[in-house]
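Note that the coordinates shown come from a computational prediction; the quantities given were computed from them, not determined experimentally.
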Amino acid sequence: AAACGRPSINLDGWMLGRNGCLAAFHAAVAASDADIAIVEGCMGLHDGREGATDDGSTAQVAKWLRAPVLLVVDAWNLARSAAAMVHGYQSFDPEVM
């Protein structure tokens with residue numbers, strides 16, 4: 001909220017569920033005059049409630065919203081390994097854009 005000067009909302013997939021997240025997101029978009037919506041994830045992109053599924057993860061919310069993901073990689077002291085890491089993110093779950 002402080003960075004963009006607008007109110008923010010919580011899109012916690014584990015607590016709100018799919019319908020709650022979608023309703024909260026669309027209500028916030030409808031109430032705003034902004035041109036874009038930025039959704040910030042927490043933890044790792046695929047980290048959520050457990051390790052076997054995407055429940056509660058940022059990836060799950062991105063899929064529900066059909067929102068593109070901007071991956072930020074700390075590539076300090078990396079070379080080709082950065083490409084391998086990014087490739088892994090791209091191929092891990094093809095439903096994440």
Side-chain angles (χ1 to χ4, degrees):
C4 62
R6 299 181 185 278
S8 64
I9 60 168
N10 188 343
L11 298 176
D12 187 324
W14 184 66
M15 293 187 66
L16 296 175
R18 182 181 191 279
N19 292 338
C21 277
L22 290 173
F25 178 78
H26 291 299
V29 168
S32 174
D33 63 345
D35 295 325
I36 62 170
I38 296 176
V39 180
E40 178 186 12
C42 65
M43 298 172 43
L45 177 62
H46 297 284
D47 298 328
R49 184 175 173 188
E50 57 176 277
T53 70
D54 66 358
D55 286 346
S57 70
T58 300
Q60 181 184 49
V61 173
K63 288 191 285 187
W64 289 343
L65 298 176
R66 301 188 64 189
V69 172
L70 174 65
L71 180 66
V72 178
V73 176
D74 180 359
W76 183 254
N77 289 329
L78 294 177
R80 280 188 71 175
S81 295
M85 188 183 321
V86 171
H87 176 71
Y89 275 94
Q90 284 181 311
S91 62
F92 184 76
D93 184 346
E95 293 182 44
V96 177
M97 296 187 266

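Heavy-atom minimum distance, Leu16 versus Leu11: CD1-CA, 4.1 Å. Residues Gly56 and Gln60 approach most closely at N-OE1, 2.8 Å, considering heavy atoms.
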Listed pairs under 3.5 Å, donor-acceptor, residues 20-47 side chains, sequence neighbours left out:
{"from": "Ser32", "atom 1": "OG", "to": "Ala34", "atom 2": "N", "distance (Å)": "2.9"}
{"from": "Asp33", "atom 1": "OD1", "to": "Arg6", "atom 2": "NH1", "distance (Å)": "2.6"}
{"from": "Asp33", "atom 1": "OD1", "to": "Arg6", "atom 2": "NH2", "distance (Å)": "3.4"}
{"from": "Asp47", "atom 1": "OD2", "to": "Gly44", "atom 2": "N", "distance (Å)": "3.0"}

Sequence neighbours excluded and cut-off under 3.5 Å, please list the side-chain donor-acceptor pairs for residues 77-93, or say none.
{"from": "Ser91", "atom 1": "OG", "to": "His87", "atom 2": "O", "distance (Å)": "3.0"}
{"from": "Asp93", "atom 1": "OD1", "to": "Glu95", "atom 2": "N", "distance (Å)": "3.0"}
{"from": "Asp93", "atom 1": "OD2", "to": "Lys63", "atom 2": "NZ", "distance (Å)": "2.8"}

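To the nearest 0.5 angstrom, Arg49 atom CZ is 12.0 Å from Met15 atom CE. In this structure, CG in Asp74 is found 9.5 Å from CH2 in Trp76, a value given to the nearest 0.5 Å.
Val73 is connected to Val96 through a chain of hydrophobic side-chain contacts under 4.5 Å among Ile, Leu, Val, Met, Phe, Trp and Tyr, so both are in one cluster.
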